[in-house]
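Below: the structure, in structure tokens.
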Amino acid sequence: MPELPEVEVTRQSFASRILGAHVLSLRMGKPLRWPLGCDPGRLEGATVGPVLRRGKYLWVPLSLAGIAAENPPEGLLVHLGMSGALTFAKSLGPSGPHDHFELDTTAGLLRLTDPRRFGAVVWGASMASGLPARLLASLGLEPFDEAMTGAYLHQRLKGRKVSIKQALLAGDIVVGAGNIYACEALFMAGIDPRLAAGLVSRPRCDRLVLAVQEVLRQALAMGGSSLRDFKDAYGSQGHFQLSTRVYGREGEPCRTCATPVRRLVQGQRSTFFCPVCQKK
DNA sequence: AAGTGGACCTGCTAGC
DNA sequence: TGCTAGCAGGTCCACT
């Protein structure tokens, strides 16, 4: 589920409320992608720092010695996987079979509900050490980083034979665009998703960077996409799924030229595109 | 190094 | 109505 807009919407919906709060307890349910990596008890009493997002990961700093005293703070790296949602809950203990993590604080109880359990909550002595560091190390640029330019994209795509769609999804060049937004950005940029990444011209790289940024901006403004599970910390759903140009619209008319949208499979994932508006 | 395919896990829907 | 196959927002890892 959650791509960059959903993760960012989630972050914004809970970060300010729990900033400066103290951890009362931490509970893990069924195993997620990786073990927590520490005794849950060690985080009791910790102070919550400013929550950061990197790609589709959230970093929740937890300082045992007060926010400013420790540098850098330890914390939890959280990933929502395919079906995760972080929401504020009313009372301790799972309310359903898919509630697998709870962080109870003096400012509210945060709960991760994740039916497929592809999500993760991993402790790190810092964001730059241990498993968190390893997971973050291979990530590409943030899409709104000023270094994210057509020149950078063109340079990084050079010589790569995979399709441009798969190169976008891989996340080692630019993070944040998952299956929905990669399809949408390629449509906006008028690029055929099957085109070899290394053959995308420099001008088209310029357009693609702008398209990725634009689609993410639009999704963010609509609270993300809620195909099924996604909600922000207060349970609100996103609306971007109602305005996709191609994603999930196989057989329906292209919003630009009315040609039926096509679906194909690339790297075991569905790709949606307009065979007329998107060219090789 | 780059590309491919399998793995993780559960739930929902379309089709027979 | 009930079963089964196929599909779903992610990404790591082993292998060629």
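Throughout, protein chains are lettered first and strands after them, A, B, ... in sequence-line order, and every chain is numbered starting at 1. Every value quoted in this text rests on a predicted model; they were computed, and no experiment measured them.
Figure legend. C/dT1 is base-paired to no nucleotide; pairs are counted as Watson-Crick or G-U wobble with both atom distances under 3.5 Å. Figure legend. B/dC9 is base-paired to no nucleotide; pairs are counted as Watson-Crick or G-U wobble with both atom distances under 3.5 Å.
Separating the CG atom of A/Leu227 from the P atom of B/dC12 is a distance of 15 Å, rounded to the nearest angstrom. Computed from coordinates, the A/His79 NE2 to C/dT11 C1' distance equals 7 Å when rounded to whole Å. As rounded to whole Å, 14 Å separates atom C1' of C/dG9 from atom CD of A/Gln237. The distance from atom NZ of A/Lys158 to atom P of B/dA1 is 17 Å, rounded to the nearest whole Å.
Geometric assessment of A/Arg262 against the ring of A/Phe272 yields a negative cation-pi assignment under the 6.0 Å and 45° thresholds.
Proximity note for A/Glu3 (side chain, C-beta onward) versus C/dG10, B/dG11, C/dA8: the nearest is C/dG10. Among C/dG9, B/dT10, C/dC7, the nucleotide with an atom closest to any side-chain atom of A/His98 is B/dT10. Which of B/dT4, C/dC12, B/dG11 sits closest to the side chain of A/Gln166 comes down to B/dT4. When the nucleotides C/dG10, C/dG9, B/dG11 are ranked by their closest atom to the side chain of A/Lys56, C/dG10 comes out on top. The side chain of A/Asn179 approaches C/dG10 more closely than any other nucleotide in the set C/dG10, B/dC9, B/dT4.
In this structure, a donor-acceptor pair under 3.5 Å is absent between the side chains of A/Arg263 and A/Tyr247.
Of the P atoms belonging to B/dG6 and C/dG6, the separation is 14 Å, rounded to the nearest Å.
Mapping A/Leu135 and A/Arg116 onto DNA chain C by nearest heavy atom places A/Arg116 at the nucleotide closer to the 5' end.
Taking the six-membered ring where the residue is Trp, the centroids of A/Tyr234 and A/Phe88 are separated by under 6.0 Å.
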